[in-house]
Amino acid sequence: MEKTVRTRFAPSPTGFIHIGNLRTCLYAYLFAKQRNGTLILRIEDTDQERIVPGAVELIYSTLEKAGIVHDEGPDKDGGYGPYVQSERKAIYMEYAKKLIELGGAYYCFCTKERLESLTDENGVRTYDKHCLGLSKEEIEENLKNGVPFVIRQNIPKEGTGTYHDMIYGDISVDYSELEDNVLIKSDGMPTYNFANVVDDHLMKITHVIRGVEYLSSTPKYNLIYDAFGWERPEYMHLPPIMKDASHKLSKRYGDANFDDFVRKGFLTEAIVNYIALLGWCPKDNSEKMTMQELIEKFDTAGISKSGSIFDEAKMRWLNQQYIKELPFEKFMEYARPYFDQSIAKDKYDYEKLGKILCTRIEIFSEIPQKIAFLDEYGPFDTSLFEHAKSKTTAPLAKEILEKILPVYEEIGEWTNDNLFACSEAFAAANGYKKQQVFWAVRVAVAGRDVTPGGATELMDILGKNETLKRIKYALTLF
RNA sequence: GGCCCCUUGGUCAAGUGGUUAAGACAUCGCCCUUUCACGGCGGUAACAUGGGUUCGAACCCCGUAGGGGUCACCA
């Protein structure tokens, strides 16, 4: 009988959730949900100095927007709490003392100065196990006198630690490469090295899913499991997400975090879909997938070992796929805030603009810039009226505009349909190609050669007065 | 520097000893079209490198190069 899968996402509350972390979380979620397992959210706040106020709320909101729902966490007790490490301080100390008794750790009273003197010519510092040699009496004495101490892991000088990673296969590291890391800091808080092991065991985590940066230090953690006689979890280390060939996407440089993309006008589903694909490929090669499909198709065999460069262009394309499938009302709902920030506010019809924009944007933030031209009408060169394909020339355009102006002036109901029909009829009646008429009118009204939307759509948006005004103005340019 | 890991087009990637080496993004061209976009069709473009093993290697082994990670009282 298979054990129920329990995975965890254990961020430290130091700011925004970075895309790489979110992907780690996503995979842990997909892996668990596919097996009817549990995703635990644990807050790793043992480094009190790096804590950023509000970061925990940001974690909740990001997961919620991303559609990832954890089963246990600070806000959802599953019987394995507390789920915030700082609230578990006493637990770690208790286990650390037990580990000392088991020979897996020891007290260390070394000063900062002594530690620094241990640095070798390469700038690498390796602790020399000095305090491991302290007698029981010396330790008691120091403890009684309140000498500051840390608790270090006692790693064998010889031997090799081997384990199996679900993605990278068998990994072996010589213990001589590992250091006697601090498990409990002088402030009594545990380090990641210790807290993650104790918590993962106590919370019955079956699969540890995290970034590759832990790949070569995992044997250290295994030593702790072994010393306690605990069962080691399965490990799944994930390749990094890169900014370019040699730089990881980093929080420090503010490269990419989920909220930034949401603010930029990416749909949350598209972001999640895209990051799922960074480093993983489903067997059937699908690209656009719902969360449900991701859960069904997720498999570790499709996860790559090498890092992937984050390609915003592809995410934009994916986002556009999602936008195109949006019902129009939904599209308008997302677009409205962007119209509000644009020149359209209180001036142009949002619906009409939405109609011409919905197949022309990849992300919503393009809206203001895409329609800015409506208000940037001014002097332009009549060479814009030249269009080789339809054989439109400036003089011909002038002729068309002069003749069609009275026609437009007569139109009662100023709608796109009417304008279209009437322009088409005008072309036929006067022996022009309809492309020539549309080209001349559109350029006259927009003052530029490329526009989102056609001539009649623009005229409809501009309104009768403005349209006629612009055609008359264009006529003065020849 | 030691150790661990990685290496298919510009990018994401399929591929697990025999393939014309998929697909997608990007790019280029054509078609459609009320310009652009959408949509349709097509093109350019890759197995880091040197040795093996094998009848046969992108796939297996060794070396080299390049890249990443790690070597904290950060996670």
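Letters A, B, ... are given to chains in the order of the sequence lines, protein chains preceding strands, and every chain is numbered from 1.
The side-chain ring of A/Phe438 is stacked on the base of B/U34, judged by centre separation under 5.5 angstrom and plane angle under 30 degrees.
Ring geometry, A/Trp280 versus A/Phe298: the interplanar angle falls from 30° to 60°, so the pair is classed tilted. Ring-plane geometry between A/Tyr192 and A/Tyr221 is classed as perpendicular, the angle between the planes exceeding 60 degrees on a 0 to 90 degree scale with a lower cut at 30.
An OP1 or OP2 oxygen of B/A75 is reached within less than 4.0 angstrom by a side-chain nitrogen or oxygen of A/Thr46. Close to B/C5, at under 4.0 Å from its OP1 or OP2, lies no side-chain N or O of A/Lys305. At the phosphate of B/A13, OP1 or OP2 sits under 4.0 Å from a side-chain N or O atom of A/Ser304. Applying the 4.0 Å criterion to OP1 and OP2 of B/U34, one finds that A/Ser423 has every side-chain N and O outside that range. Note on A/Lys185: a side-chain N or O is less than 4.0 Å away from OP1 or OP2 of B/A75.
The environment of A/Glu158 atom CD is sparse: at most 12 non-hydrogen atoms of other residues, nucleotides or ligands sit within 6.0 angstrom.
The CG atom of A/Asp284 sits 16 Å away from the P atom of B/A13 (whole-angstrom rounding).
Across all strands shown, B/A48 forms a Watson-Crick or G-U wobble pair, both distances under 3.5 Å, with B/U64. Look at B/U27: its Watson-Crick or wobble partner, with both distances under 3.5 angstrom, is B/G43.
Between B/U34, B/G69, B/A75, one nucleotide has an atom nearer to the side chain of A/Lys248 than all others, and that is B/G69. Each of B/G68, B/C73, B/U70 was ranked by its minimum atom distance to the side chain of A/Ser216; first place goes to B/U70. Nearest nucleotide to the A/Gln320 side chain, out of B/C38, B/A26, B/A13: B/C38. Nearest to the side chain of A/Ala313, among B/A26, B/U35, B/C4, sits B/A26. Comparing B/U34, B/G39, B/U35 against the side chain of A/Phe420 picks out B/U34 as the nearest.
Rounded to whole Å, the separation between the P atoms of B/A57 and B/G52 comes to 11 Å.
Each of A/Met315 and A/Val212 was matched to the nucleotide of RNA chain B holding its nearest heavy atom; the match closer to the 5' end belongs to A/Met315. Residues A/Ile303 and A/Asp174 both approach RNA chain B. Their nearest nucleotides, taken by heavy-atom distance, put A/Asp174 toward the 5′ side.
A/Gln436 places a side-chain N or O within 3.5 Å of a backbone atom of A/Lys433 that can act as its donor or acceptor partner.
In summary, the side chains of A/Asp381 and A/Ser383 do present a donor paired with an acceptor at a separation below 3.5 Å, with no hydrogens or angles considered.
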